[in-house]
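Each remark here refers to the structure printed beneath this line.
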Amino acid sequence: GAVVSQHPSWVICKSGTSVKIECRSLDFQATTMFWYRQFPKQSLMLMATSNEGSKATYEQGVEKDKFLINHASLTLSTLTVTSAHPEDSSFYICSGYNNYGYTFGSGTRLTVV
Amino acid sequence: DAKTTQPPSMDCAEGRAANLPCNHSTISGNEYVYWYRQIHSQGPQYIIHGLKNNETNEMASLIITEDRKSSTLILPHATLRDTAVYYCIVRTGGGADGLTFGKGTHLIIQP
């Protein structure tokens with residue numbers, strides 16, 4: 001089956017620094033990648049949608065200058081949290097889409113201290 | 001996409017069938033019913049989907065009422081590893097929009 005590899009699985013960073021999260025579709029080409037955020041005891045919330053080679057579209061309330069998304073190839077998308085603050089601490093999950101549906105990564109637990 | 005309503009939590013004994021209900025009374029004719037689950041601190045996992053006929057795969061069965069306003073996901077022989085949050089999502093089959101997750105049902109399998 002389709003697999004999306006997401007790294008790192010967890011990261012702790014200092015306030016004000018940037019963190020990059022990487023998602024790779026291992027055995028399929030993801031025409032579209034989605035990025036979600038999940039706070040404790042809450043559901044997944046869609047942050048942004050990216051198509052290979054074009055700019056990402058962000059959901060209302062998500063700062064595009066803070067959450068930089070790059071989808072340079074059909075198998076790789078990255079999310080960079082810039083100038084992270086404690087309120088950015090969350091569980092970030094990517095999802096690759098192709099004609100067969102959605103495949104999710106295993107998630108990245110970000111803690112900003 | 002149509003809105004769904006699920007009970008916040010359910011318990012089920014290990015080895016028994018777990019029946020998870022979902023109401024989607026505003027579903028439209030071209031919308032499918034999808035089920036995903038999320039085990040703690042992992043990404044969601046696809047389970048099954050259907051349009052109007054009942055569906056079965058190696059993981060579960062999906063029963064959709066004739067009027068399509070509700071459905072039930074059945075895990076025939078629940079194990080402890082089935083403890084997770086189960087999400088019922090209604091959406092059109094084509095296109096590549098992000099999924100809208102509700103609060104889901106936290107299914108707890110009791111030993």
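Reminder, nothing fancy here: chain letters follow the sequence lines and each chain counts from 1.
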Task: Within the 6.0 Å centroid threshold, strictly below: Y36(B) and F104(A) - done: yes
Task: Common cluster, L51(B)/I89(B), ILVMFWY with side-chain heavy-atom separation under 4.5 Å - done: yes
Task: Separation between NE2 of H40(B) and CZ of F91(A), rounded to the nearest 0.5 Å - done: 8.5 Å
Open item on the list: If hydrophobic clusters are built by linking Ile, Leu, Val, Met, Phe, Trp and Tyr wherever their side-chain heavy atoms come under 4.5 Å apart, do I74(B) and L20(B) end up in the same one?
Closed with: no
- [ ] Supply the atom-to-atom distance H106(B) NE2 to K41(A) NZ, rounded to the nearest 0.5 angstrom.
- [x] 9.0 Å
Open item on the list: Tell me whether S106(A) contacts the main-chain N or O of Q42(B) through its side chain, where contact means a donor paired with an acceptor under 3.5 Å.
Closed with: no
TODO: Might you point out which heavy atoms bring G43(B) and I93(A) nearest each other, and give the distance in Å?
DONE: CA-CG2, 4.3 Å
Task: For the student: nearest non-hydrogen atoms of G98(B) and L46(A), plus distance - done: CA-CD2, 3.9 Å
Task: Separation of T49(A) OG1 from D97(B) CG (nearest 0.5 Å) - done: 7.5 Å
Open item on the list: Quick one, M45(A) and T100(B) - any side-chain contact, counting heavy atoms below 4.5 Å?
Closed with: no
Open item on the list: Would you say L80(B) ends up clustered with Y86(B) if hydrophobic residues are merged whenever their side chains have heavy atoms under 4.5 Å apart, either directly or through other cluster members?
Closed with: yes
Task: L44(A) with I21(A), same ILVMFWY side-chain cluster at under 4.5 Å - done: no
Open item on the list: Quick check: closest heavy atoms across Y87(B) and Q38(A), and the distance to 0.1 Å?
Closed with: OH-NE2, 3.8 Å
- [ ] Verify the cluster assignment for L110(A) and Y58(A): are they in a single hydrophobic cluster under the rule of side-chain heavy atoms below 4.5 Å apart?
- [x] yes
TODO: For atom NZ of K66(A), decide whether the heavy atoms of other residues, nucleotides or ligands shown that lie under 6.0 angstrom number more than 12.
DONE: yes
TODO: Taking the side chain as every heavy atom from C-beta outward, state whether F34(A) and L99(B) have any atom pair closer than 4.5 Å.
DONE: no
Open item on the list: Is the distance from the ring center of Y36(A) to that of F101(B) below 6.0 Å?
Closed with: yes
Open item on the list: Please report the interatomic distance OG1(T103(A)) to CD(Q45(B)), rounded to the nearest 0.5 Å.
Closed with: 10.5 Å
